[in-house]
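Please read the structure below before turning to the comments.
Below, all heavy atoms of this structure are taken into account, side chains as well, without hydrogens, waters or symmetry copies.
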Amino acid sequence: MRRPDFDPAAVQPHIAFLDELNAAGQLQLTGGFSDGSGGAYVLCNVANLEQARAIVARDPLVTLQSSDLTVHEWTTR
């Protein structure tokens, strides 16, 4: 979710980060919320929740402190 002091300059580095995840075969899907409050992405080919958290910690939205990212383990059918 975007922080109140969201910096739009974080968007391009975030997209580049997602492109890297996609190239590595670790990104299933991604997209922004229609209300502009943030977005979500689904990781794949990740060993465990700890690895997913480590990946998300490298996201420029996190490192540039523009958004708060929450990691959830999702079991699909």
Side-chain angles (χ1 to χ4, degrees):
M1 300 301 291
R2 290 183 173 188
R3 291 183 176 183
D5 59 346
F6 178 81
D7 183 359
V11 173
Q12 191 54 45
H14 169 66
I15 291 171
F17 170 77
L18 294 175
D19 288 344
E20 290 173 16
L21 290 177
N22 190 46
Q26 292 184 301
L27 185 65
Q28 182 69 36
L29 62 97
T30 184
F33 300 144
S34 60
D35 67 359
S37 64
Y41 54 92
V42 177
L43 299 173
C44 59
N45 301 317
V46 176
N48 52 44
L49 189 56
E50 183 177 306
Q51 184 183 14
R53 286 186 176 130
I55 290 169
V56 169
R58 298 190 331 254
D59 188 327
L61 291 179
V62 173
T63 62
L64 297 172
Q65 300 179 347
S66 284
S67 294
D68 295 314
L69 276 67
T70 305
V71 180
H72 296 276
E73 190 169 16
W74 186 25
T75 305
T76 61
R77 300 192 280 154

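- S67 OG to R3 CZ: the interatomic distance, rounded to the nearest 0.5 Å, is 8.0 Å.
- Tracing side-chain contacts under 4.5 Å through hydrophobic residues (I, L, V, M, F, W, Y), one reaches L69 starting from L49; they form part of the same cluster.
- Between N22 atom CG and I15 atom CD1 the span is 13.0 Å, to the nearest 0.5 Å.
- Taken to the nearest 0.5 Å, the CD1 atom of I55 stands 11.5 Å off from the CD atom of E50.
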For E20 and R58: C-alpha separation, side-chain torsions, deciding distance, then whether side chain to side chain contact (heavy atoms under 4.5 Å, CB included) applies. CA-CA 12 Å; E20 290 173 16; R58 298 190 331 254; 5.9 Å; no
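- Formation of a donor-acceptor pair under 3.5 Å by the S66 side chain with backbone atoms of D7 is found in this model.
- V11 and V56 fall within the same hydrophobic cluster, defined by Ile, Leu, Val, Met, Phe, Trp and Tyr side-chain heavy atoms under 4.5 Å apart, directly or through other members.
- In the hydrophobic clustering of this structure, L61 does not group with F33; members are Ile, Leu, Val, Met, Phe, Trp, Tyr whose side-chain heavy atoms approach within less than 4.5 Å, directly or through other members.
- Between F17 and Y41, the ring planes are perpendicular. Angles over 60° get that label, and only those under 30° would be called parallel.
- Between the CG atom in D19 and the CG atom in L27 there is a gap of 8.5 Å [rounded to 0.5 Å].
- Closest heavy-atom contact between M1 and S37: CE-OG, 3.4 Å.
- Note that CG of N45 is 9.5 Å distant from CD of Q51, once rounded to the nearest 0.5 Å.
- L21 CG to Q28 CD: the interatomic distance, rounded to the nearest 0.5 Å, is 12.5 Å.
- Follow the hydrophobic side-chain contacts under 4.5 Å out from V71 and you never reach L64; the two are in separate clusters.
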